[in-house]
Novice: 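Below you'll find the structure I mean.
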Amino acid sequence: MHHIDILVATTSGNTEYLADQLAELLQHAGHTTTLHYEPDYSELLESLTDQSIWLCCIASHGAGDYADSMLDFAEQLHAEKPSLEQLKYAVIAVGDSCYDTFCAAGRDADAMFAILGAKRLISRLEIDMSQDDPDEKSSTWLKFFIQAM
Ligand SMILES: Cc1cc2nc3c(=O)[nH]c(=O)nc-3n(C[C@H](O)[C@H](O)[C@H](O)COP(=O)(O)O)c2cc1C
């Protein structure tokens with residue numbers, strides 16, 4: 001049994017819905033979850049232990065920016081560059097392939113966490129909202145995430 005913090009970057013709610021679905025699936029698999037709809041940088045960093053697992057569901061907005069609910073978190077992460085050596089994580093990047101900056105925020109988070117020493121549990125999932133079925137794609141990916149924990 002693991003505890004998973006689910007960090008959500010959303011502006012219009014699609015990624016929040018997706019994160020809710022994933023939390024339910026994780027709970028059915030016997031794990032516990034905390035949803036962070038507006039991830040609090042200080043709280044999450046202060047509560048890091050070597051058991052910490054973050055599942056980050058990150059929509060891109062603007063010109064490849066983080067969606068609103070995680071803008072502050074991303075800004076502080078880039079400014080402070082903390083050590084994340086205790087952390088295990090995985091990223092689901094949500095975007096739309098009609099933008100040149102497809103999934104740029106999720107890609108940035110994935111790269112930043114790795115640079116800061118965190119352990120990537122599984123390769124990033126990228127969801128193209130104009131092509132993919134988000135539920136189907138993410139639930140298949142989640143099975144591999146659960147195995148990797
Ligand atoms: C104003 C606007 C800007 C966007 N910019 C990007 C972008 O730069 N890259 C990308 O991959 N998707 C972009 N998208 C697509 C969103 O990521 C996609 O609609 C996603 O489902 C939004 O998730 P949310 O409802 O959780 O905020 C943009 C969407 C909007 C409305």
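In what follows, residues are counted from 1 in the order of the sequence shown.
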Novice: Give me the atom names and distance for the closest heavy-atom approach of P39 to S69.
Specialist: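 Distance-wise, the nearest heavy atoms are CD-O, 3.4 Å.
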Novice: Apply side chain to side chain contact (heavy atoms under 4.5 Å, CB included) to Y99 and list each qualifying residue two or more places apart in sequence or on a separate chain.
Specialist: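 Expected list: D96, T101.
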Novice: Write down the atom of S139, the atom of L25, and the distance for their closest heavy-atom approach.
Specialist: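 The answer is CB-CD1, 3.7 Å.
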Novice: On a heavy-atom basis, which atom in C103 and which in A93 lie closest, and how many Å separate them?
Specialist: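 Between these two residues, the closest heavy atoms are SG-O, 3.6 Å.
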Novice: Counting C-beta onward and ignoring hydrogens, is there a side-chain heavy-atom pair between R124 and R107 closer than 4.5 Å?
Specialist: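 Yes; the side chains approach each other to less than 4.5 Å.
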Novice: Give the minimum heavy-atom separation between A114 and R120, together with the two atoms involved.
Specialist: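 Taking A114 first and R120 second, the nearest heavy atoms are CB-NH2, 3.8 Å.
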Novice: CD/Q76 to NZ/K81 distance, rounded to the nearest 0.5 angstrom?
Specialist: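 Result: 13.0 Å between the selected atoms.
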Novice: Give a yes or no on whether the backbone of I122 and the side-chain of W141 come within a donor-acceptor separation of less than 3.5 Å.
Specialist: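 Flag not set: sc W141 to bb I122 has no pair under 3.5 Å.
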Novice: Who pairs with H3 by ring-ring contact (aromatic ring centres under 6.0 Å, His included), at least two apart in sequence or on another chain?
Specialist: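 Residues passing ring-ring contact (aromatic ring centres under 6.0 Å, His included) with H3: none at all.
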Novice: Any idea which heavy atoms bring H78 and D108 closest together, and the distance?
Specialist: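 Closest approach of H78 to D108: NE2-OD2, 2.8 Å.
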Novice: Run the side chain to side chain contact (heavy atoms under 4.5 Å, CB included) test on V8 and M70 for me, step by step, so that the C-alpha distance in whole Å, both residues' side-chain angles and the decisive distance to 0.1 Å come before the verdict.
Specialist: CA-CA 7 Å; V8 184; M70 212 164 152; over 6 Å; no
Novice: Within the supplied structure, the quantity of interest is the number of heavy atoms (other residues, nucleotides, ligands) at a distance under 6.0 Å from D100 CG; does it exceed 12?
Specialist: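 Count not over threshold, so no.
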Novice: Is the backbone N or O of H2 less than 3.5 Å from a side-chain atom of H31, with the two atoms forming a donor-acceptor pair by type?
Specialist: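 Yes; judged by distance alone, with no hydrogens or angles, the pair exists.
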Novice: Tell me whether S52 contacts the main-chain N or O of L48 through its side chain, where contact means a donor paired with an acceptor under 3.5 Å.
Specialist: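 Absent.
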Novice: Verify, without hydrogens or angle tests, whether S60 (side chain) and A105 (backbone) share a donor-acceptor contact under 3.5 angstrom.
Specialist: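 Indeed, once roles are kept as given, a pair shorter than 3.5 Å links the two residues.
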Novice: Could you tell me if the side chain of L142 sits less than 4.5 Å from the side chain of L125, heavy atoms only?
Specialist: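 No, every pair of side-chain atoms sits at 4.5 Å or beyond.
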Novice: Among L44, I58, V91, which residue satisfies the side chain to side chain contact (heavy atoms under 4.5 Å, CB included) criterion with L7?
Specialist: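 Among L44, I58, V91, the one meeting side chain to side chain contact (heavy atoms under 4.5 Å, CB included) with L7 is L44.
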Novice: Would S97 and Q131 count as having a side-chain donor-acceptor pair, cut-off 3.5 Å?
Specialist: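 No, no side-chain donor-acceptor pair sits under 3.5 Å.
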Novice: If Ile, Leu, Val, Met, Phe, Trp and Tyr residues are connected whenever their side-chain heavy atoms lie under 4.5 Å apart, and connections chain through other members, are L45 and L71 in the same group?
Specialist: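 Cluster IDs for L45 and L71 match.
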Novice: Will you find, in the side chains of Y37 and D20, an N or O donor that is under 3.5 Å from an N or O acceptor?
Specialist: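 Per modelled atom types, Y37 and D20 side chains form a pair under 3.5 Å.
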Novice: Atom CG in D40, atom CD in E46: separation rounded to 0.5 Å?
Specialist: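 So the CG of D40 and the CD of E46 are separated by 8.5 Å.
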Novice: Between atom CE of M112 and atom CD1 of I115, what is the distance when rounded to the nearest 0.5 Å?
Specialist: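 If we round to the nearest 0.5 Å, M112:CE and I115:CD1 are 6.0 Å apart.
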Novice: Give the minimum heavy-atom separation between L77 and L116, together with the two atoms involved.
Specialist: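 Residues L77 and L116, closest heavy atoms: CD1-CD1, 3.9 Å.
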Novice: Go through the steps to decide whether E75 and Y66 satisfy the test side chain to side chain contact (heavy atoms under 4.5 Å, CB included), and finish with yes or no.
Specialist: CA-CA 9 Å; E75 215 175 278; Y66 286 73; over 6 Å; no
Novice: Does the side chain of H61 come under 3.5 Å of the side chain of D68 through a donor N or O and an acceptor N or O?
Specialist: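 The answer is no; no qualifying pair exists.
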Novice: Is I92 linked to M129 within one hydrophobic cluster, defined over Ile, Leu, Val, Met, Phe, Trp and Tyr using a side-chain heavy-atom separation of less than 4.5 Å?
Specialist: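 Same cluster.
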Novice: Does the side chain of T10 come within less than 4.5 Å of V94's, by heavy atoms?
Specialist: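 Not touching, per the 4.5 Å side-chain cut-off.
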Novice: For Q27 and T32, run side chain to side chain contact (heavy atoms under 4.5 Å, CB included): C-alpha distance rounded to whole Å, both residues' side-chain angles, the deciding distance at 0.1 Å, then the answer.
Specialist: CA-CA 6 Å; Q27 285 162 28; T32 55; over 6 Å; no
Novice: OG1 of T140 to CG of D133: how many Å apart, nearest 0.5 Å?
Specialist: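 Taking OG1 in T140 and CG in D133, the distance rounds to 9.0 Å.
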Novice: Determine whether I6 and C57 make a side-chain contact, defined as any pair of heavy atoms from C-beta on separated by less than 4.5 Å.
Specialist: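 I6 reaches C57 side chain to side chain.
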Novice: Is atom CD of E38 surrounded by more than 12 heavy atoms (other residues, nucleotides or ligands) closer than 6.0 Å?
Specialist: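 Check fails, neighbour count at 12 or below.
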Novice: Just so I know, are the side chains of E43 and H36 near enough to count as touching, which here means a heavy-atom distance under 4.5 Å?
Specialist: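 Result yes, sub-4.5 Å side-chain heavy-atom pair found.
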Novice: For the pair D5 and T33, evaluate side chain to side chain contact (heavy atoms under 4.5 Å, CB included) and give the outcome as yes or no after the intermediate values.
Specialist: CA-CA 6 Å; D5 287 298; T33 57; over 6 Å; no
Novice: Salt bridge or not for E85 and K119, using N-O below 4.0 Å?
Specialist: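 K119 and E85: not salt-bridged.
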Novice: Under the ring-ring contact (aromatic ring centres under 6.0 Å, His included) test, which residues partner F113, sequence neighbours left out?
Specialist: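 If we apply the ring-ring contact (aromatic ring centres under 6.0 Å, His included) test to F113, skipping adjacent residues, the hits are W54, Y89.
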Novice: I'd like to know if F144 and I53 are part of one continuous hydrophobic network [Ile/Leu/Val/Met/Phe/Trp/Tyr, side-chain heavy atoms within less than 4.5 Å].
Specialist: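 I53 and F144: one cluster.
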Novice: So, the side chain of D132 versus the backbone of D128: is there a donor-acceptor pair under 3.5 Å, distance only?
Specialist: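 Yes, because the side chain of D132 sits within donor-acceptor range (under 3.5 Å) of the backbone of D128.
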Novice: Determine whether a donor-acceptor pair (N or O, by modelled atom type, separation under 3.5 Å) exists between the side chain of K137 and the backbone of P134.
Specialist: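 Answer holds: no.
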Novice: If hydrophobic clusters are built by linking Ile, Leu, Val, Met, Phe, Trp and Tyr wherever their side-chain heavy atoms come under 4.5 Å apart, do L121 and L22 end up in the same one?
Specialist: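 Linked, L121 and L22 end up in one cluster.
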